[in-house]
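The basis for the numbers below is simple: all heavy atoms, side chains too, and nothing from hydrogens, waters or symmetry mates.
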Amino acid sequence: MPRWERRARQQLSDQEIGGGRHADYANANVLRRIISEHGWPDARLVGEDGARAAYLIALHADTYLIVQQVADRAMHGAVQRGTAPVGEWVRLHDRHLLNSGVMQLFGTQYRLGADGWELQPVREPDRLDARRAGVGLPPAAEALNNLRRRFSAEPPSAGAAHDDPPTANLTVAA
């Protein structure tokens with residue numbers, strides 16, 4: 001089972017958790033230096049895989065809030081220039097807001113609650129679907145149903161192809 005699925009299903013060992021936190025912190029330090037020297041590492045600078053890795057590193061920098069803040073601002077600038085995907089930025093922005101103690105704006109962050117996956121607090125919930133539509137995201141209820149369906153399914157076999165979705169701790173971005 002891929003690491004992200006074990007993580008989301010609360011099946012990581014203490015050693016895996018500690019190793020993951022260490023790697024997230026080390027990667028965040030490297031990303032901070034790259035941003036300070038070059039700005040957001042978009043695909044023009046580091047290629048598609050490198051840009052995706054930078055986004056995932058920033059997203060997983062939950063315990064290194066200054067890096068998330070710097071990355072959020074730098075990636076937003078890249079989105080405005082058309083060199084970074086808006087969908088990735090909104091997930092990073094929501095994650096940064098929640099980690100800063102502020103309600104998220106686009107409703108991309110979920111947590112595992114007593115009754116399964118639930119949306120974390122959202123600012124102005126009555127306007128949420130309009131904000132989501134403005135950045136190309138489906139309605140919040142549809143996204144939550146898709147997330148619940150995805151995690152209620154049996155995990156794929158160890159040899160199956162997979163993507164590493166943006167997950168950290170018990171929080172999932174969808």
Side-chain angles (χ1 to χ4, degrees), residues 1-12 20 24 31 40-43 48-49 51-63 65 67-156 160-174:
M1 181 184 316
R3 180 176 101 103
W4 69 267
E5 286 182 2
R6 289 193 321 273
R7 194 173 194 178
R9 295 172 195 257
Q10 302 177 359
Q11 297 173 343
L12 289 181
D24 289 347
L31 180 61
W40 181 254
D42 58 25
E48 292 294 330
D49 290 344
R52 176 77 174 159
Y55 156 70
L56 290 172
I57 290 167
L59 195 71
H60 292 158
D62 293 321
T63 59
L65 197 54
V67 171
Q68 247 182 9
Q69 179 182 17
V70 167
D72 183 359
R73 288 181 183 162
M75 189 175 197
H76 184 256
V79 166
Q80 290 179 319
R81 290 186 303 278
T83 62
V86 68
E88 289 181 358
W89 173 75
V90 298
R91 287 168 177 85
L92 174 59
H93 185 65
D94 275 355
R95 183 79 152 251
H96 172 241
L97 290 174
L98 287 172
N99 286 331
S100 299
V102 178
M103 287 187 275
Q104 63 179 319
L105 189 59
F106 298 100
T108 63
Q109 302 297 302
Y110 302 84
R111 66 177 163 226
L112 192 56
D115 296 323
W117 291 103
E118 57 189 32
L119 184 63
Q120 292 205 51
V122 177
R123 190 177 339 160
E124 299 176 0
D126 54 321
R127 297 182 51 201
L128 175 60
D129 283 339
R131 285 192 305 271
R132 290 177 63 89
V135 293
L137 295 175
E142 181 181 329
L144 180 57
N145 286 335
N146 289 339
L147 178 71
R148 288 177 175 162
R149 215 175 11 258
R150 188 173 81 201
F151 280 99
S152 68
E154 285 296 315
H162 64 278
D163 290 327
D164 188 9
T167 62
N169 302 326
L170 294 179
T171 302
V172 173

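Remark: the backbone N or O of Ala61 is not paired with any side-chain donor or acceptor of Asp24 at under 3.5 angstrom. The main-chain N or O of Ala51 is never found under 3.5 Å from a side-chain atom of Asp42 such that the two would form a donor-acceptor pair.
Counting all heavy atoms, side chain and backbone alike, Ala143 lies closest to Arg132 at CB-NH2, 3.2 Å. Heavy atoms only, all atoms of each residue included: Leu137 and Val90 are closest at CD1-CG2, 3.9 Å.
The number of heavy-atom neighbours closer than 6.0 Å to CZ of Arg81, taken from other residues, nucleotides and ligands shown, is above 12. Remark: Glu124 CD is packed, more than 12 non-hydrogen atoms of other residues, nucleotides or ligands lying under 6.0 Å away. Within a 6.0 Å radius of CG in Asp49, other residues, nucleotides and ligands contribute 12 heavy atoms or fewer.
With sequence neighbours excluded, the residues forming a side-chain contact (heavy atoms from CB on, under 4.5 Å) with Gln69 are Ile66, Arg73, His96, listed by chain and number. In this structure, Asn145 has no side-chain hydrogen bond (donor to acceptor under 3.5 Å, both in side chains) partners at least two apart in sequence or on a different chain. Shown here are the side-chain hydrogen bond (donor to acceptor under 3.5 Å, both in side chains) partners of Arg123, two or more places apart in sequence or in another chain: there are none.
Taking the six-membered ring for Trp and thresholds of 30 and 60 degrees, Trp89 and Phe106 have ring planes more than 60 degrees apart, a perpendicular arrangement.
Between the CG atom in Leu31 and the CH2 atom in Trp40 there is a gap of 5.5 Å [rounded to 0.5 Å]. Between atom CZ of residue Arg91 and atom CG of residue Leu56 there is a gap of 11.0 Å, rounded to the nearest 0.5 Å. We find the CG-CD distance between Asn99 and Gln109 to be 8.0 Å, quoted to the nearest 0.5 Å. Between Tyr110 atom OH and Gln120 atom CD the span is 10.5 Å, to the nearest 0.5 Å. Gln68 contributes atom CD, which lies 8.0 Å from atom CG of Asp72 (distance to the nearest 0.5 angstrom). Taken from OG1 in Thr108 to CD in Glu88, the straight-line distance is 12.0 Å, to the nearest 0.5 Å.
Inter-residue side-chain proximity for Met75 and His93 is flagged as unmet; no heavy-atom pair is nearer than 4.5 Å. You'll find the side chain of Leu119 reaches within 4.5 Å of the side chain of Gln104, heavy atoms only. For the pair Val122/Arg131, a side-chain contact is recorded, criterion being any heavy-atom separation below 4.5 Å from C-beta on. Arg52 places none of its side-chain heavy atoms less than 4.5 Å from the side chain of Pro85.
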